[in-house]
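Being a predicted model, the structure only gives us computed values, none of them experimental.
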Amino acid sequence: MRNLKLTVTYDGTDYGGWQTQANAPTIQQTLETAIQSITCEPRVHCVGSGRTDAGVHALGQVVNMFTSTRLDNATLLKAINAKLPDDIAVLSIDDVSHSFCAIKDAIRKRYRYVINDRRVPDPFLRRTSWQPRQRLDEQAMHRAAQYLKGRHDFRSFETNWPNRLSSIRTIFDIDVRRDEATVIVEVEADGFLYNMVRSIVGTLYQVGRGYWPEVKVKEVLELMDRKEAGPTAPPQGLFMLHVTYA
């Protein structure tokens with residue numbers, strides 16, 4: 001058996017998220033079906049580094065899978081992409097040690113959230129950005145975001161807390177910047193809680209539109225109450241950017 005590491009990109013608009021489920025098409029199920037049709041194995045199981053939600057995208061999702069196929073990686077890569085729909089693609093395939101796990105071995109993940117804040121929405125960005133139709137102060141958002149750097153209890157930014165044994169995480173970097181008509185929020189941490197990035201973005205949005213002062217973000221963090229934070233930003237603006245391994 002070989003353990004393969006796949007880097008996958010996808011537009012998650014038409015999927016119920018990463019994880020296989022009974023009532024909606026998913027990225028995991030679609031990928032496994034494509035691989036199984038090539039390797040002819042009775043079961044293929046892809047372990048993703050993170051369970052992206054319905055409508056969320058990925059530029060660098062990392063997956064590992066065990067297989068007995070003798071196809072070389074270049075041939076396998078070409079064959080899998082030929083079987084996948086146009087909104088999913090495998091970027092690379094590498095052999096890794098049997099001990100490698102895409103989830104357990106990840107030490108950092110980075111997400112990007114895109115906001116198109118033009119007064120007139122852009123039809124071509126409707127699937128890949130939040131379009132609130134309100135001009136934002138990205139510099140104020142960036143300053144406010146710095147209160148979140150470091151190791152904290154982030155339960156104020158977790159939907160339906162508690163979902164994990166601990167809501168303590170470390171944010172290594174958080175950045176808000178403008179790229180012409182879009183505001184880009186990027187967050188890198190050792191792990192994320194359920195809807196954590198989208199809740200952070202919704203909170204920073206309140207600062208960017210002038211509804212809250214910058215220090216409010218610090219207060220929300222310290223209160224450890226989801227009701228004190230901003231709204232959960234919609235899924236279509238969120239991208240899993242990349243995953244770092246030791």
Between His57 and Leu238, is there a donor-acceptor pair closer than 3.5 Å when you use the side chain of the first and the backbone of the second?
-> no
Between the side chain of Asp117 and the main-chain N/O of Leu136, is any donor-acceptor distance below 3.5 Å?
-> yes
What is the minimum heavy-atom distance between Met141 and Gly208, and which atoms define it?
-> CG-CA, 3.5 Å
Could you tell me the separation between the CD atom of Gln131 and the OG1 atom of Thr182, rounded to the nearest 0.5 Å?
-> 10.5 Å
Honestly curious: do Val220 and Tyr113 fall in one hydrophobic cluster under the side-chain, below-4.5 Å linking rule?
-> yes
With a 4.5 Å limit on heavy-atom distance, are the side chains of Ile184 and Asp175 in contact?
-> no
Rounded distance [0.5 Å steps], CG in Asp14 versus CD1 in Ile27 = 9.0 Å
CD (Gln28) and CD1 (Ile88) are apart, to the nearest 0.5 Å, by 11.0 Å
Does one hydrophobic cluster hold both Phe239 and Tyr111, with members joined at side-chain heavy-atom distances below 4.5 Å?
-> no
Would you call His45 and Glu32 a side-chain contact if the rule is heavy atoms closer than 4.5 Å?
-> yes
Check the hydrophobic clustering (I, L, V, M, F, W, Y; side-chain heavy atoms under 4.5 Å; chains of links allowed) and say if Trp18 and Val243 are grouped together.
-> no
Looking only at heavy atoms, what is the nearest atom pair of Arg126 and Pro123, with distance?
-> NH1-O, 2.8 Å
Gap between atom OG1 of Thr159 and atom CZ of Arg226 - 0.5 Å precision | 5.0 Å
Between Asn3 and Asn64, which heavy-atom pair has the shortest distance, and what is it?
-> OD1-ND2, 3.1 Å
Residues Pro25 and Gln29: closest non-hydrogen pair is CA-OE1, 4.1 Å
Taking side chain as C-beta onward, heavy atoms only, is Ser49 less than 4.5 Å from Gln61?
-> yes
Linking I/L/V/M/F/W/Y whenever any side-chain heavy atoms sit under 4.5 Å apart, do Val62 and Met240 land together?
-> yes
ILVMFWY cluster, Trp161 and Met196 together (side-chain gap under 4.5 Å) = no
In terms of side-chain geometry, is the basic nitrogen of Asp153 or Arg169 positioned less than 4.0 Å from the acidic oxygen of its partner?
-> no
Gln139 CD: over 12 foreign heavy atoms closer than 6.0 Å = no
Within a strict 4.5 Å, meaning less than it, do heavy atoms of the Val187 and Asp173 side chains meet?
-> no
Do Glu228 and Ser156 get their side chains close enough for a donor-acceptor pair, meaning under 3.5 Å?
-> no
Determine, stepwise, if the pair Glu186 / Arg110 fulfils salt bridge (charged side-chain N to carboxylate O under 4.0 Å, His left out).
-> CA-CA 7 Å; Glu186 289 193 6; Arg110 191 174 185 93; 2.7 Å; yes
Please say which of Leu6, Leu76, Thr30, Val90 ends up in a side-chain contact (heavy atoms from CB on, under 4.5 Å) with Ile35.
-> Leu6
Around atom NZ of Lys83, are there more than 12 heavy atoms of other residues, nucleotides or ligands at under 6.0 Å?
-> no
Residue Arg51 excluded, over 12 heavy atoms near CZ under 6.0 Å | no
Do Asp87 and Thr13 have side chains that get closer than 4.5 Å, going by heavy atoms?
-> no
Distance (rounded to the nearest 0.5 Å) between Glu219 CD and Asp225 CG = 13.5 Å
Pair Ser68-Glu41, side-chain donor/acceptor within less than 3.5 Å = yes
Do the side chains of Arg198 and Pro235 get nearer than 4.5 Å, heavy atoms only?
-> yes
Whether Phe154 and Phe157 hold their rings parallel, tilted or perpendicular, with breakpoints at 30° and 60° = tilted
Ion pair present between Arg2 and Asp94, side-chain N to carboxylate O less than 4.0 angstrom?
-> no
Using the six-membered ring wherever Trp is involved, compare the ring planes of Phe66 and His98 and label them parallel, tilted or perpendicular (cut-offs 30° and 60°).
-> perpendicular
Min side-chain heavy-atom separation Ile174-Gln146 under 4.5 Å = yes
When the ring centroid of Trp130 is compared with that of Tyr205, is the distance short of 6.0 Å?
-> yes
Would you kindly say whether Arg151 and Thr170 are connected by a side-chain donor-acceptor distance under 3.5 Å?
-> yes
For Cys46 and Val63, work out which heavy atoms get closest and say how close.
-> CB-CG1, 3.4 Å
For residues Glu214 and Arg143, report the shortest heavy-atom separation together with the two atoms involved.
-> OE2-NH2, 2.8 Å
